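Structure record follows, encoded as structure tokens.
Every chain is numbered from 1, with letters handed out A, B, ... down the list of sequences. Just so we're clear, the structure is a prediction, and the values are computed from it rather than from any experiment.
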Amino acid sequence: MPDHKQAQYWLLKSEPDVFSIDDLKACGREGWDGVRNYQARNSLRDEMRQGDLVIFYHSSCAQPAAVGLAKVDSEAQPDPTQFDPSSDYHDPKSSPEDPRWWLRQIAFVHRFDAPVTLKAMKEWEDDLDFPLLRRGNRLSVMPVPPAAVAKILGVAGLQPEQWMKS
DNA sequence: GCCAACGTTGGC
DNA sequence: GCCAACGTTGGC
């Protein structure tokens, strides 16, 4: 069981062509819909807590990198796109009585002055237990160990203590 | 319940 | 564009 007093940290992947850190900065807050992987769903629905810090990551682009910070800004909500036949994320096997897919509202916090690239992170010791750095990882929502958060913040020129206190 | 086929992710 | 990794599907 997770200790619900303990701060937790997350990484959310987004393709910048679709939704970038600048898009989040512009709108301020966005429902993180369209997640259709059960492990990621479980993180969204069961493990995140309102206020948790999020590392925003750009994937499938020229320079994959952590590009900023956000925070979990709601309790879990059913993802409405699963019930919308016109949506790419429609799931005919799900029902409003027993939703299969969930989302959280995500709020913008900070855009890094310079991205913390995947290339740079791969230089780190691999005892961090950071899922992003594991081979073949495709999770779009994943926990980040505090040591990795501190490293990312440090490379981004931020004071870890300022952002990581719970 | 097994597992081959298939689709998707995502770095390169 | 390539391809490794991995999740899902569906026949049996």
Flag side-chain contact, heavy atom, 4.5 Å: Phe19(A) against Glu30(A): yes
At a cut-off of 3.5 Å, list every protein nitrogen or oxygen paired with a nitrogen or oxygen from nucleotides 1-3 of chain C, distance to 0.1 Å.
none

N-O pairing of Arg134(A) and Asp129(A) below 4.0 Å: yes
Separation of dC6(C) P from Lys13(A) NZ (nearest whole Å): 11 Å
Nearest-Å distance for atom pair CG/C1', residues Leu11(A) and dG10(B): 13 Å
N/O contacts under 3.5 Å, protein versus nucleotides 7-9 of chain C?
from: dG7(C); atom 1: O4'; to: Arg138(A); atom 2: NH2; distance (Å): 3.1

Ile55(A) side chain reached by Trp10(A) side chain, heavy atoms, under 4.5 Å: no
Test: Arg49(A) and Asp52(A) ion pair at under 4.0 Å: yes
Atom-to-atom span, CG of Asn137(A) to C1' of dG11(B) - whole angstrom: 11 Å
Check: Ser86(A)/Asp84(A) side-chain N/O donor and acceptor closer than 3.5 Å: yes
Touch class at under 4.0 angstrom, heavy-atom based, for Lys122(A) against every strand present: sugar-phosphate
Minimum heavy-atom distance between Ile21(A) and Gly68(A), given as atom pair plus value: CD1-CA, 4.1 Å
Whole-Å distance separating the CG atom of Leu12(A) from the P atom of dG10(B): 12 Å
Nucleotide dG10(B), atom P - distance to OH of Tyr57(A) in whole Å: 9 Å
Heavy atoms from other residues, nucleotides or ligands near CD of Gln50(A) exceed 12 (cutoff 6.0 Å): yes
Length of the CG-C1' vector between Leu139(A) and dC6(C), whole Å: 10 Å
Qualifying residue, where the test is side chain to side chain donor-acceptor pair (under 3.5 Å) with Arg36(A) and the options are Asp91(A), Asp88(A), Asp79(A): Asp79(A)
